[in-house]
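As the structure is a computational prediction, the values presented were derived from the model and not from experiment.
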Amino acid sequence: LRQGLGKTRLNLINQLKALVGRGPIDQDAIEEIEMVLLQADVGIDATERIIQALQKRMREEVLPPEEAVKYLKQQMRQMLTIGDPTFAPQRDRLNVWLIVGVNGAGKTTTIGKIAHVAQGSGYKCLIAAADTFRAAAVEQLKVWGERAGVEVIANPGQNTDPAAVVFDAVMAAQARGTELLLVDTAGRLQNKKNLMEELAKIRRIIDKKAPEATVEALLVLDATQGQNGLRQAQVFAEAAKLSGVILTKLDSTAKGGIALAITQQMHLPIRFIGAGEGLEDLRPFSSYEFVEALLS
Ligand code: GDP
């Protein structure tokens with residue numbers, strides 16, 4: 001998994017290097033850097049923070065270009081590092097990971113990828129199909145479960161109660177000594193109230209039936225949606241006690257700067273990144289690797 005960002009193409013910020021490589025950084029260069037950051041979806045807040053830090057640093061001493069790049073990298077790494085950078089399910093106990101996010105963001109695919117990696121690392125895994133509203137989603141999840149060799153708990157029929165599926169899955173997980181239970185959830189933003197109630201109910205069931213479990217609520221965000229995706233994310237932040245973010249489709253965008261906007265605006269760690277549609281296209285997030293990919 002630690003083979004770099006592979007298919008990810010985040011080289012838009014190559015421009016940054018070219019810019020600072022031109023010579024001493026003046027006000028014009030700073031403005032251009034600002035533009036480049038905004039174009040890469042870094043967002044206004046994070047961009048301002050980076051620019052202000054750079055300006056402050058430059059008031060202290062004249063920076064040669066390579067030093068300026070080094071400083072930018074260091075700033076970005078710092079902004080991208082939230083919480084403990086090593087993230088994995090705890091062994092020999094139940095971990096429940098709620099996977100939330102708007103439809104189409106990549107929840108189902110990501111669950112398949114995580115199940116595959118976790119299974120390969122020797123974790124006992126189980127998947128719960130709690131997006132009962134979309135029959136196709138349940139079928140799709142079963143296909144991914146098969147690929148990963150992980151069983152999917154689902155209720156027959158459409159419109160069954162998602163909380164009932166989660167209840168069944170938690171009982172099954174406890175009976176089998178499952179270490180990682182991945183829960184797929186609905187992502188219908190059209191009905192915000194229902195969505196929030198549904199996620200809250202699922203959370204209550206888990207907290208009540210499995211108080212021993214370590215629970216993570218991971219938001220799946222489509223990197224190609226940029227700032228718009230971040231606005232949608234706000235709804236999920238209100239509905240679920242989010243503990244982290246999974247950023248998908250980084251292979252389909254050159255605007256990887258959205259990662260900085262996420263950590264700046266949501267104050268949540270990015271846990272994994274998705275860079276392709278296949279089972280193998282998931283990597284643990286590393287701020288070091290990410291910044292190297294942004295600025296190399
Ligand atoms: P869900 O509705 O949130 O469950 O989203 P899906 O998992 O069904 O994914 C929606 C679409 O995005 C599918 O066509 C996936 O193949 C695609 N997808 C998911 N993750 C990635 C990724 O990392 N890269 C690319 N290129 N496509 C992805």
Distance (rounded to the nearest 0.5 Å) between Glu34 CD and Gln52 CD: 9.5 Å
Minimum side-chain heavy-atom gap Gln225-Leu230 below 4.5 Å: no
Leu54 CG to Ile51 CD1 distance, which is reported to the nearest 0.5 Å: 6.0 Å
Donor-acceptor under 3.5 Å (Gln90 side chain, Thr214 main chain): no
Side-chain donor or acceptor of Lys113 paired with backbone N/O of Gly276 under 3.5 Å: yes
Hydrophobic cluster identity match, Val138 and Val150, side-chain contacts under 4.5 Å: no
Cationic N near anionic O, under 4.0 Å, Glu197 to Lys201: no
Side chains of Ile114 and Ile246 in contact at under 4.5 Å (non-hydrogen atoms): yes
Heavy-atom closest pair, residues Gly145 and Val152: CA-CG2, 3.9 Å
Minimum side-chain heavy-atom gap Phe236-Leu195 below 4.5 Å: yes
Test item: side-chain donor near acceptor, Glu67 and Tyr71, under 3.5 Å: no
Non-hydrogen side-chain atoms of Leu98 and Ile206 separated by less than 4.5 Å: yes
Side chain to side chain contact (heavy atoms under 4.5 Å, CB included) evaluation trace for Leu218 with Ser243: CA-CA 6 Å; Leu218 302 171; Ser243 55; 4.2 Å; yes
Heavy-atom donor-acceptor pair, Glu151 side chain to Leu126 backbone, under 3.5 Å: no
Side-chain donor/acceptor of Asn95 to backbone N/O of Glu179, under 3.5 Å: yes
Other cluster members, Met196 - Ile/Leu/Val/Met/Phe/Trp/Tyr, side-chain contacts below 4.5 Å: none
Ile127 side chain near Ile111 side chain, heavy-atom distance below 4.5 Å: yes
For Ile82 against Pro269, the heavy-atom pair lying closest together: O-CB, 3.3 Å
Euclidean distance, Leu260 CG relative to Asp45 CG, rounded to 0.5 Å: 12.0 Å
Test item: Phe290 and Arg77 side chains (from C-beta on) under 4.5 Å apart, heavy atoms: no
Distance, nearest 0.5 Å, that separates CG of Leu250 from CG of Asp281: 11.5 Å
Atom pair OG1/CD of Thr47 and Gln39 - distance to nearest 0.5 Å: 10.5 Å
From CA spacing to verdict: side chain to side chain contact (heavy atoms under 4.5 Å, CB included), Lys56, Glu60: CA-CA 7 Å; Lys56 179 162 177 275; Glu60 287 160 11; 4.0 Å; yes
Whichever hydrophobic residues join Ile44 through chains of side-chain contacts under 4.5 Å: Leu38
Arg134 vs Leu141 side-chain heavy atoms within contact, under 4.5 Å: no
Heavy-atom pair with the smallest gap, counting every atom of Val170 and Ala210: CG1-CB, 3.8 Å
Thr263 (side chain) donor-acceptor with Met79 (main chain) under 3.5 angstrom: yes
Salt-bridge present (Arg283, Glu289; N to O < 4.0 Å): no
Single-linkage hydrophobic cluster Val143~Leu279, side-chain heavy atoms < 4.5 angstrom: no
Within one Ile-Leu-Val-Met-Phe-Trp-Tyr cluster: Leu180 and Trp144, side-chain cutoff 4.5 Å: no
Verdict with reasoning, Leu242 to Val100, per side chain to side chain contact (heavy atoms under 4.5 Å, CB included): CA-CA 9 Å; Leu242 295 179; Val100 306; 3.7 Å; yes
Donor-acceptor pair, side chain of Asp184 and main chain of Leu182, under 3.5 angstrom: no
For the student: nearest non-hydrogen atoms of Gln119 and Gly149, plus distance: NE2-O, 2.9 Å
Inter-residue atom distance Leu268.CG - Leu221.CG, 0.5 Å rounding: 9.5 Å
Contact list for residues 209-234, test salt bridge (charged side-chain N to carboxylate O under 4.0 Å, His left out), sequence neighbours left out: Asp222-Lys249
Exam field: side chain Ser287 to backbone Leu80, donor-acceptor pair closer than 3.5 Å: no
Considering all heavy atoms, the nearest Ala223-Thr253 contact: CB-CG2, 3.8 Å
Donor-acceptor under 3.5 Å (Thr185 side chain, Asp131 main chain): no
Worked verdict on Gln264 versus Glu48 for side chain to side chain contact (heavy atoms under 4.5 Å, CB included): CA-CA 11 Å; Gln264 176 72 19; Glu48 267 177 17; over 6 Å; no
Neighbour count above 12 (heavy atom, 6.0 Å) for Gln55 CD: yes
Shared hydrophobic cluster, Ile273 / Tyr288 (ILVMFWY, side-chain heavy atoms < 4.5 Å): no
Min side-chain heavy-atom separation Val42-Ile50 under 4.5 Å: yes
Heavy-atom pair with the smallest gap, counting every atom of Pro89 and Tyr123: O-OH, 2.7 Å
Cluster overlap Val165 with Val96, hydrophobic side-chain contacts below 4.5 Å: no
Whether Trp97 and Phe272 hold their rings parallel, tilted or perpendicular, with breakpoints at 30° and 60°: tilted
